[in-house]
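What follows is one structure encoded as structure tokens, with my remarks underneath.
Protein chains get the first letters and strands the later ones, always in sequence-line order, with residue 1 at the start of each.
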Amino acid sequence: MPELPEVETTLCGIRPHLLQQRVCKVIIRQTQLRWEIPKILPQQLKQQRLLTIHRRAKYLLFQFDNGYLLIHLGMSGSLRIVSTLEPIPKHAHVDIQFDNTLWLRYIDPRRFGAILWLGQDPFHHPLLQHLGLEPFDPAFTGVYLYQKAKGKRIAIKPFIMDQKIVTGVGNIYATEALFHSGIHPARAAGRIAKKRYDTLVTAIQQILQQAIQQGGTTLKDFSQSNGKPGYFTQSLQIYGYPGQPCPRCNQQLKLISLNNRSSVYCPRCQT
DNA sequence: AATCGCGCCTGACGGC
DNA sequence: TGCCGTCAGGCGCGAT
């Protein structure tokens, strides 16, 4: 799915078109996403003004006069701004039209995403209330990760992909950040020195920042809200290249599975 | 409490 | 050509 940079890219792409606009029409073609889209959604949204859009973790939060709409892009979701309804591509499950005539289109082939109405108090919703720090929060430091990791035997890769620890990091960026930090993805989180966590935090922030600047990563499904792919794909160092030589030391990159997610790493650079 | 695997879906790809 | 297994950017849930 879209990880933080893809969600952020989406947010920046759609926000300028939609701020302060009122919803005039809602079309739902498929209600079965990760959870069923609430049947009352069209009534909830009708004639409501969109005040702001925020990102929290990999969620987009649309603040309307009367409450918050939550959208998650799951594994294969994307949002587009389109000026006409036609053509309607396969998997265009929801279209929301605003007063300026533009449509916000939700496309999601695998339907692991979500569209939920959260009402007035979104941050107490179960999906949001246990989230960890945003990676660009000043409180997200090596010491923070080190403290959280104390005594934990979980591998570092699933540890940094745990949204209760730090938000927005998924399989691609976890893989890349660990490579940049020289940390083996299977190393127990509780057995990593404080100093190495400093390095890791810096790597996570730098990689996410660069990826945002380049419009995210497009493997297949993701596209920016204008339909263009993300260009960080060409900056990936090791994700997607198992068996290839390490860009740093030429050793053959290896592939392992950690908590059911494939993980590429360099057996020489990452310890 | 912490950790792990499964399953939700569609589609692309490789091997036979 | 087609069929079948495997894999894919996430994440909540139930089992251990």
Side-chain angles (χ1 to χ4, degrees), chain A residues 1-10 29-37 55-60 70-79 89-93 106-116 125-132 135 147-178 185-191 204 207-208 211-212 214-224 229-243 255-264:
Chain A
M1 145 198 167
E3 304 182 31
L4 184 148
E6 292 74 37
V7 178
E8 189 70 28
T9 296
T10 299
R29 301 185 188 84
Q30 166 63 271
T31 58
Q32 302 299 311
L33 304 183
R34 176 173 198 123
W35 296 284
E36 185 165 17
I37 297 178
R55 181 190 57 75
R56 172 71 171 114
K58 300 173 192 171
Y59 297 101
L60 288 171
L70 171 144
I71 297 186
H72 192 283
L73 300 176
M75 204 72 145
S76 58
S78 58
L79 288 170
K90 210 172 176 186
H91 309 302
H93 304 314
Y106 176 85
I107 304 167
D108 185 4
R110 292 177 74 181
R111 288 190 270 131
F112 290 171
I115 300 181
L116 295 174
H125 190 277
L127 288 175
L128 299 182
Q129 65 176 339
H130 300 298
L131 289 171
Q147 295 289 347
K148 285 276 183 190
K150 263 201 182 133
K152 297 247 169 91
R153 303 198 313 212
I154 187 174
I156 184 62
K157 179 161 169 286
F159 179 71
I160 58 172
M161 289 172 65
D162 182 345
Q163 305 298 297
K164 292 189 287 305
I165 305 296
V166 56
T167 61
V169 179
N171 206 26
I172 295 178
Y173 299 108
T175 297
E176 294 290 310
L178 288 168
R187 175 171 284 274
R191 311 220 33 190
I204 289 172
I207 288 166
L208 293 178
I212 292 168
Q214 294 174 52
T217 299
T218 294
L219 297 182
K220 45 178 163 183
D221 296 307
F222 178 74
S223 69
Q224 300 186 53
Y231 297 106
F232 192 74
T233 316
Q234 52 208 94
S235 301
L236 295 174
Q237 297 289 294
I238 66 166
Y239 181 89
Y241 303 116
L255 183 66
I256 51 169
S257 181
L258 293 169
N259 290 36
N260 272 343
R261 308 304 299 276
S262 69
S263 304
V264 185

Which part of the nucleic acid, if any, lies within contact of A/L219, taking any heavy atom under 4.0 Å across all strands shown: a base, the sugar-phosphate backbone alone, or nothing?
base
Non-neighbouring partners of A/R110 that pass salt bridge (charged side-chain N to carboxylate O under 4.0 Å, His left out), sequence neighbours left out
none
Covered region of DNA chain B, 5' end to 3' end, by chain A [heavy atoms, under 4.0 Å]
B/dT3 to B/dG11
Under 3.5 Å, which protein N or O atoms sit close to an N or O of nucleotides 12-16 of chain C? Give each pair with its distance.
from: C/dG12; atom 1: OP1; to: A/Y59; atom 2: OH; distance (Å): 3.2
from: C/dG12; atom 1: O4'; to: A/R34; atom 2: NH2; distance (Å): 2.9

For DNA chain B, write out the stems as range with range, using runs of 3 or more consecutive Watson-Crick or G-U pairs with both distances under 3.5 Å.
B:2-8 with C:10-16, B:10-16 with C:2-8
Between B/dG7 and C/dG5, how many Å separate the two P atoms, rounded to a whole number?
15 Å
With sequence neighbours excluded, what pairs up with A/T167 under the side chain to side chain contact (heavy atoms under 4.5 Å, CB included) test?
A/R56, A/A57, A/L131, A/E134, A/P135, A/Q163
By side chain to side chain contact (heavy atoms under 4.5 Å, CB included), which residues pair with A/A174, not counting sequence neighbours?
A/K157, A/I160, A/M161, A/V169
How long is the span from the CZ atom in A/F232 to the CD1 atom in A/I207, to the nearest 0.5 Å?
6.0 Å
C/dT6 to B/dC6 separation - P atoms, rounded to the nearest Å
13 Å
Might you list the N or O atoms of the protein lying below 3.5 Å from N or O atoms in nucleotides 5-7 of chain C, with each pair's distance?
none

Determine the contact category for A/Q163: base if any of its heavy atoms lies under 4.0 Å from a base atom, sugar-phosphate if only primed atoms, P, OP1 or OP2 are that close, otherwise nothing.
sugar-phosphate
Check salt bridge (charged side-chain N to carboxylate O under 4.0 Å, His left out) between A/R191 and all other residues, then give those that pass, not counting sequence neighbours.
none
Who passes side chain to side chain contact (heavy atoms under 4.5 Å, CB included) against A/R29, sequence neighbours left out?
A/I27, A/L85, A/I88, A/A92, A/D95, A/R105
P atoms of C/dC7 and B/dG5, separation to the nearest Å:
14 Å
Sequence neighbours excluded, which residues qualify as ring pair (Phe, Tyr, Trp, His ring centres under 6.0 Å) partners of A/Y106?
none
Kindly point out which of C/dA8, C/dC11, C/dG10 is positioned nearest to the side chain of A/R110?
C/dA8
Distance, rounded to the nearest Å, where A/D108 contributes CG and C/dC11 contributes C1'
13 Å
Within the 4.5 Å heavy-atom criterion, are A/Y59 and A/L127 side-chain neighbours or not?
yes
Looking at A/E176 and A/Q237, would you say the former's side chain and the latter's main chain have a donor-acceptor pair under 3.5 Å?
yes
Side chain to side chain contact (heavy atoms under 4.5 Å, CB included) partners for A/T9, two or more places apart
A/Q224
Under a 3.5 Å distance rule, please check whether A/T218 uses its side chain to pair with a backbone N or O of A/P229 as donor and acceptor.
no
Is any side-chain nitrogen or oxygen of A/H72 closer than 4.0 Å to OP1 or OP2 of C/dG10?
no
Residues A/I256 and A/A186: closest non-hydrogen pair is CD1-CB, 4.2 Å
With side chains defined as the heavy atoms from C-beta onward, is the minimum distance between A/I115 and A/L70 less than 4.5 Å?
no
Rounded to whole Å, please give me the gap between CE in A/M161 and P in C/dA8.
11 Å
With sequence neighbours left out, write down each residue that passes ring pair (Phe, Tyr, Trp, His ring centres under 6.0 Å) with A/F159, or none if nothing qualifies.
none
Nearest-angstrom distance from the residue atom OH of A/Y173 to C1' of C/dA8:
15 Å
Using a heavy-atom cut-off of under 4.0 Å over every strand shown, decide if A/K164 touches base, sugar-phosphate, or nothing.
nothing
Base, sugar-phosphate or nothing for A/N260? Non-hydrogen atoms, less than 4.0 Å.
base
In whole angstrom, what separates A/K157's NZ from C/dC11's P?
13 Å
Rounding to a whole Å, what distance do you find between A/L258:CG and C/dA8:P?
12 Å
